[in-house]
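Structure first, then comments.
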Protein chains: 2
Amino acid sequence: MARTRDDEASRLDEAARAGWLYYVAGKTQDEIAQALGLSRQSVQRLVSLSTSAGLVRVRIDHPIAACLDLAARLKDRFGLRFAEVTPSDPASASTTLGIADACAADLERRLSQPDPIILAIGTGRTLKAAVEHLPPMQCRQHRIVSLTGNVGLDGAASIYNVVFSMADRVGAPHYPMPLPVVATSPEERAFLHEQKMIRATLSLAASADVAFVGIGQLGTGAPLVSDGFISEAELEAVRRAGAVGEICGWLFDAAGRIVDCAFNRRVAGAPLPDIATCEVVAVAMGPAKQAGLHAALGTLVNGVITDEATAIALLAD
Amino acid sequence: MARTRDDEASRLDEAARAGWLYYVAGKTQDEIAQALGLSRQSVQRLVSLSTSAGLVRVRIDHPIAACLDLAARLKDRFGLRFAEVTPSDPASASTTLGIADACAADLERRLSQPDPIILAIGTGRTLKAAVEHLPPMQCRQHRIVSLTGNVGLDGAASIYNVVFSMADRVGAPHYPMPLPVVATSPEERAFLHEQKMIRATLSLAASADVAFVGIGQLGTGAPLVSDGFISEAELEAVRRAGAVGEICGWLFDAAGRIVDCAFNRRVAGAPLPDIATCEVVAVAMGPAKQAGLHAALGTLVNGVITDEATAIALLAD
DNA sequence: CCCGGCTTTGGTCATTTGCTCATCGACCTT
DNA sequence: AAGGTCGATGAGCAAATGACCAAAGCCGGG
């Protein structure tokens, strides 16, 4: 036996004492060494031991602390590269409150970097709200590319295509997709994708460094239905085929796989960027989006911005 | 107005975030700076703010054998119901270091109980420091009553009356004493105590479940003198009459008896709760308070929070 | 008894951190 | 509107910290 119980206990005792002097009394390791008659290195080891042995408990008394903890657990659980959790306001049923600010803050942080990036952006009410929280900036070094078509069924630009307002605000070159959101047939889609300008934009989207996307629910009030891209009946059919959510029009199942269905073959937007090469951040909250979010995390996206309640629900699954 | 509440709150948000990343996640300030899009110096300031604002609470989760032993011996020797001993920093002359944290932790423990209690609190620098270490809580079930008047000689509220800041932090109903600390005469004291509101508060104090009090020294730097409640000469007189310490203004002798003197007849605060029915905890450390502490232990108080050096000295007497 | 492996200790150096100072900019006063 | 004041910010620097490395004990096995 290399060490007796007593030795170990007294060593922990020493460690606790050193940790106390260091963390509570705020002494330097040199002073502690002098006080305890040890070398500074020994004190360093004791202090280090006191933390690694879990003797030192640090608590942050702020609501943010719980959110950061949830974010760390989300990252760990779903293998994400990025996670941010905002405090929930239990009184509000809004599905953008808080995360829109958080998303805007994150966008701002990324855009204020001098190194040029290609930023892809999806569509939807959540992103729309986020972009509205962006401060005016000038960052011509970045390029912003839309992942979805911006033309509705009636030929009018969809108001939820956010690339325009975003690029407008931040003063960056932008690359919209002059396409319908959904083509009338796979053949039309293929034809459209052959167009030179479209190909350039598609290629830009494929090489995006970071993408922000919303999660579309498929239940009551599904945006695909209310925006007229799919009929209730067809949606019901793909739901029975396993679809649980939608990103930029792409329907996916509970395992995060793009469903092989007639609708997806007509989606005119760019394929979702590969999470191996691109940071794809889902911005969504609320019970309606939970199933879709859960399926997409770690498969279609490797980042998330959500709220406390949704984070808790996701981790409980 | 230089700063709005929102600005300050969001700055604390940021500070909490930085503090969490630094202390809990163990990141370096450089990494945090990069993650939050700030300069390293700003992160340093935020981390520093998070500690100075009391957001970060460190506690050593290890019973140091020596301190446990001292606590047990104090309980045994003085017949106490409660004793807690924290490690000492031999180099520091602070009279609050460590015990403020310990007192805050104990207060928090008691306040987090669901069963409602009446908590009486005295005054002084030590308790003030302890309250500042309390985390924000919501415990409306408890009542906090002050044992002393909160009005100084000049009519201003004494800053060391801690019931306000404490109640503020923990969100509990509180009952201050709208009285001077010391009345100008015994008659004035009697008259004041006849007031209806005062009587209610006095009665609440008398039925307190637990009380936390500081110990006032009578030697150099006696708070009663520096706060102007008693003249040097008068203090010297009561010292010759046997007084060795003071709790909430009440002077007591080496046997722990309240001295029968002119000053005590004018003390306007509530009588000290009876140790037969109330847990009265003295929070004090340091050689200057040792005599008073020794006299009060087991007579006026039945609990103590002190530090290692003081505990050793008390047991050596 | 010596030797080799293992742990611990103290020294050295790169990294991290806290502090001071100069500068900038916003806001207030005159 | 000009000037002053205050706070915030970033650069530089010195102190503090943590990691690495070599040397010294310590033990069991031979």
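Reminder, nothing fancy here: chain letters follow the sequence lines and each chain counts from 1. These numbers come from the heavy atoms of this one structure, side chains and all, not from hydrogens, waters or symmetry mates.
Across the protein-nucleic acid pair, B:Asp30 atom CG and D:dA11 atom P stand 12 Å apart, rounded to whole Å. Atom pair A:Leu36:CG and C:dG10:C1' shows a separation of 17 Å (rounding to whole Å applied). A:Glu14 places its CD atom 11 Å from the P atom of C:dT9, with the value rounded to the nearest Å. Note: NZ (B:Lys27) to P (D:dG18) measures 18 Å, nearest angstrom. Atom P of nucleotide D:dT17 and atom CG of A:Leu21 are separated by 12 Å, given to the nearest angstrom. Atom CD of B:Gln44 and atom P of C:dT20 are 11 Å apart (whole Å). A straight line from CG of A:Leu46 to P of C:dT8 spans 12 Å, rounded to a whole angstrom.
In this structure, of D:dT17, D:dG10, C:dG18, it is D:dT17 that holds the atom nearest to the side chain of A:Arg40. Closest to the side chain of B:Ser42, out of D:dG10, C:dG10, D:dG18, is D:dG10. When distances are taken from the side chain of B:Thr28 to each of D:dG18, C:dT17, C:dG11, the shortest belongs to C:dT17. Out of D:dT9, C:dT12, C:dT16, the shortest distance to the side chain of A:Gln41 is found at C:dT12.
Annotation: side chain of A:Asn302 is not in contact with side chain of A:Leu297 (no heavy-atom distance under 4.5 Å). Between A:Leu119 and A:Met166 the shortest side-chain heavy-atom distance falls below 4.5 Å. For the pair A:Leu127/A:Ile121, a side-chain contact is recorded, criterion being any heavy-atom separation below 4.5 Å from C-beta on.
Both the sub-6.0 Å distance and the 45° axial angle are not jointly satisfied by A:Arg40 relative to the ring of A:Tyr22.
Only at 4.0 angstrom or more do the heavy atoms of residues 47-58 of chain A sit from any atom of DNA chain C, so none qualifies.
Judged by distance alone, the side chains of A:Asp307 and A:Ser88 do bring a donor and an acceptor atom under 3.5 Å apart.
Using a 4.0 Å cut-off between a side-chain N of Lys or Arg and a carboxylate O of Asp or Glu, B:Arg59 and B:Glu108 do not qualify as a salt bridge.
Put simply, B:Ser39 has a side-chain N or O that comes within less than 4.0 Å of OP1 or OP2 on D:dG10. A close approach under 4.0 Å does not occur between any side-chain nitrogen or oxygen of B:Gln29 and OP1 or OP2 of C:dT15. In terms of phosphate contacts, A:Tyr22 brings no side-chain nitrogen or oxygen within less than 4.0 Å of OP1 or OP2 of D:dA16.
Judged by distance alone with a 3.5 Å cut-off, a donor-acceptor contact links the side chain of B:Arg45 to the base of D:dG10.
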_Candidate pair A:Val145 and A:His174, rule side chain to side chain contact (heavy atoms under 4.5 Å, CB included), full reasoning_ = CA-CA 6 Å; A:Val145 57; A:His174 55 294; over 6 Å; no
